[in-house]
There are 2 protein chains.
Amino acid sequence: MTIGDVAKACSLAVSTVSNALSGKPYVRKETRRKVQEAADRLSYRPSAVAQALRTSRSSTIGVLVPDITNPVFSWMVRGIDDVLFREGRSLFVCSTEGREDKQIQYMHALIDRQVDGLILISQHTHGDDIEAILDNGPPFVLIHRRRRGHKEDYVGIDNDAGMRLAMNHLVELGHRRIAFIRGPTTSTSVEERFGAYRTVIAEARLAAEANLVFQGDYTIEGGMQAGKFLLEQVPRPTAILAANDFSALGVIEAAMRLGFRVPEDVSVIGYDDIFIARMPQVQLTTVYQPKRDIGGAAATQLLRRIGALRRGRPKEVIFPVELHVRATTAPAYSGSRVGPWEQDEVLVP
Amino acid sequence: MTIGDVAKACSLAVSTVSNALSGKPYVRKETRRKVQEAADRLSYRPSAVAQALRTSRSSTIGVLVPDITNPVFSWMVRGIDDVLFREGRSLFVCSTEGREDKQIQYMHALIDRQVDGLILISQHTHGDDIEAILDNGPPFVLIHRRRRGHKEDYVGIDNDAGMRLAMNHLVELGHRRIAFIRGPTTSTSVEERFGAYRTVIAEARLAAEANLVFQGDYTIEGGMQAGKFLLEQVPRPTAILAANDFSALGVIEAAMRLGFRVPEDVSVIGYDDIFIARMPQVQLTTVYQPKRDIGGAAATQLLRRIGALRRGRPKEVIFPVELHVRATTAPAYSGSRVGPWEQDEVLVP
DNA sequence: CTGTTAGCGCTTTCAT
DNA sequence: ATGAAAGCGCTAACAG
């Protein structure tokens, strides 16, 4: 079924059929009807591949995520899909596992397929290969990881405020030895969060020791290792702040295995507020970020960039965060408080 | 950067460049080297779109999932990606939310883009539109939902055995009033699970009442509604079996809100064994299925189908299941047993 | 072994 | 308002 078949079926030129189908204004009403009818009857569908070759636009978007099985990212993808589906666009979703080689290979594959744009969620933004691709490829929007020294479209959250909220909460509960589990790589987001941690440590004159910082990998398993390491320190931290919820969940698991109670023996705070955090059995105190909205905002901005303002000035969207206080934080050495879970106590900056 | 530029750069015909780059055996070694060198220097990459138009193969695969934020499906996608990435193929992942219209729209979009094959995870397989697409489209592999009356490539699990394992476990614990939360639509998997439930009910002469079956939608929220409904029945079921883990998690949340203890007041069993189920705070007894392997098997079979044996006879892969007994099941009216979580007790058929 | 040529299915001038 | 023709970038006959 090609456009030629339709043309034949209604004895018109292919160009006329093309014009009719793509809604050109100067096609006679009667002709358009005839074409439409024939196309429907033959259940003709234009080849998106041929269209892409001809127009060098594919109505396709590429999305790179570090790990599709992590709810943070799958909810962002959902937000992207929300807005792109309405526009009749399709998504290539690629899970890079944080590996730079895989990211590069996928970026090439996507661009070879003429994607109209790219959304990079927490991906590598530096290195010759990646920068070359970015600079010569289609429009893109970055989520949660900027490229240093570049002003480009970016969607993220107020990492600093989120960390301060979390830290202040702990300080108010009397914690002085607060450990931190950072992310796996040096990225702008990780730096912002880590920076805020250190700032508050300094400001509030809290314990500042190298052994109070551990590098995780954003997985539950990594969080367990981190938790084991941190909880075996002497003296032991009374609170552990994790750079994401998976790490925090791992810490809690490690704590339980080691016989510590959360929050009586150690307070734990996560970051992201994935749905697991609000389960009644879990009730993880964590910093909330609007994952679905973040995805939606990135998609909207990308659409804008693909369309009219290809060369507008870059736009940064920074979403505010909230601290959702649940049941994994309590006064230092309290042995008491268990938070309510009927309703979160929400702290905003 | 087109193949023409490369040809010019090394004063050869485009066809020779094409042959050299695609590894045709009859290209002179020296020529191949020269071409390769020029291509590298110009950092030439062939247009996948042009290749697809010409060869009508795109080295892309379309994957349809009901909900990308559900770990069951994202882990299957991961398994698919494991095997497809190695082959240099890209994945279109589409989240259909169980909506038939969205599924149809995505299937069309995918086929318009010349995907070489489709993997349908728990998708609609009936209805004129969908059957027409299936019958005229590219090769496909079905996961967890067959098309009735057709022998086609299928990857699934032994639903019947899983349900029997779960039911027998409950019967052995002395439960006689066992409720069931079924899936949202009538699909072969749902029917298999529901069928096994009813069979055991009959075989063991357990309570068989319409109000002991509730239709969920595979979400936590749906599970909560189901749990609320079921736990308000008089007499109350002593155990609730859910068709998936999300539903079971919702039941537990509902139970807690209503003041029931799990498993003392009511036992709960899930299905899938998502990673949440094994968290120490959750310890959900559930039927395990190898999600990643299932995805991998589907991808492997699709590759086979795309390659040599386009017309081989259909292959069905049925993975065995295991019951992972954790802490949400206990003897009826026991008020006692709390399962161990250091090590699952694994029951196999 | 290398080059010439004919499309793949579509859109887009440019004539008519 | 419609049609003829060129060409997007590539591969596969086929000729040499």
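Just so it is clear, the values below take in all heavy atoms, side chains as well, and ignore hydrogens, waters and symmetry mates. Per chain, numbering begins at 1; letters A, B, ... match sequence-line order.
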Closer than 4.0 Å, any side-chain N/O of [X] to the OP1 or OP2 of [N]?
X: B/Gln51; N: D/dG9; value: no
X: B/Tyr26; N: C/dG3; value: no
X: B/Arg54; N: C/dG7; value: no
X: B/Thr31; N: C/dT2; value: yes

Closest to the [X] side chain: [options]?
X: A/Ala13; options: D/dA4, D/dG9, C/dC10; value: D/dA4
X: A/Val27; options: C/dC1, D/dT2, C/dT12; value: D/dT2
X: A/Leu12; options: C/dT11, D/dT2, D/dG9; value: D/dT2
X: A/Leu53; options: C/dT11, C/dG3, D/dC8; value: D/dC8
X: B/Val14; options: C/dC10, D/dT11, C/dC1; value: D/dT11
X: A/Thr55; options: D/dG9, C/dT2, C/dT11; value: C/dT11

(message) Is the ring pair A/Tyr106/B/Phe85 parallel, tilted or perpendicular, if the boundaries are 30 and 60 degrees?
(response)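 Tilted: the ring planes of A/Tyr106 and B/Phe85 meet at 30° to 60°.
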
From [atom1] of [X] over to [atom2] of [N], roughly how many Å is that when rounded to an integer?
X: A/Lys34; N: D/dT2; atom1: NZ; atom2: C1'; answer: 11 Å
X: B/Ile3; N: C/dG3; atom1: CD1; atom2: P; answer: 12 Å
X: A/Leu21; N: D/dT2; atom1: CG; atom2: P; answer: 14 Å
X: A/Glu30; N: D/dA1; atom1: CD; atom2: P; answer: 13 Å
X: B/Arg57; N: D/dC10; atom1: CZ; atom2: P; answer: 16 Å
X: B/Tyr44; N: D/dG9; atom1: OH; atom2: P; answer: 10 Å
X: A/Lys24; N: C/dC10; atom1: NZ; atom2: C1'; answer: 12 Å
X: A/Asp5; N: C/dC8; atom1: CG; atom2: P; answer: 11 Å

Modelled atom types, side-chain donor and acceptor of [X] and [Y], under 3.5 Å:
X: B/Thr60; Y: B/Arg113; value: no
X: A/Arg78; Y: B/Ser95; value: no
X: A/Gln51; Y: A/Arg54; value: no

(request) Would you classify A/Ser47 as touching base, sugar-phosphate or nothing, given that sugar-phosphate means primed atoms plus P, OP1 and OP2, and contacts are heavy atoms under 4.0 Å? (result)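 The answer is sugar-phosphate, as A/Ser47 gets under 4.0 Å only of primed atoms, P, OP1 or OP2.
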
(request) Mind checking A/Asn19 for me? I need base, sugar-phosphate or nothing, with any heavy atom below 4.0 Å counting as a touch. (result)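 It contacts base atoms.
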
(request) Might you confirm whether atom CZ of A/Arg57 has over 12 heavy atoms from other residues, nucleotides or ligands at distances under 6.0 Å? (result)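 Atom CZ in A/Arg57 is not packed in, count stays at 12 or less.
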
(message) Tell me whether the side-chain N or O atoms of B/Ser15 pair up with the base of C/dT4 as donor and acceptor below 3.5 Å, since no angle test is needed here.
(response)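 Indeed, a donor on one side and an acceptor on the other fall under 3.5 Å apart.
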
(message) Test side chain to side chain contact (heavy atoms under 4.5 Å, CB included) on A/His124 and A/Met107; report intermediate values, then the result.
(response) CA-CA 11 Å; A/His124 294 281; A/Met107 286 177 81; over 6 Å; no

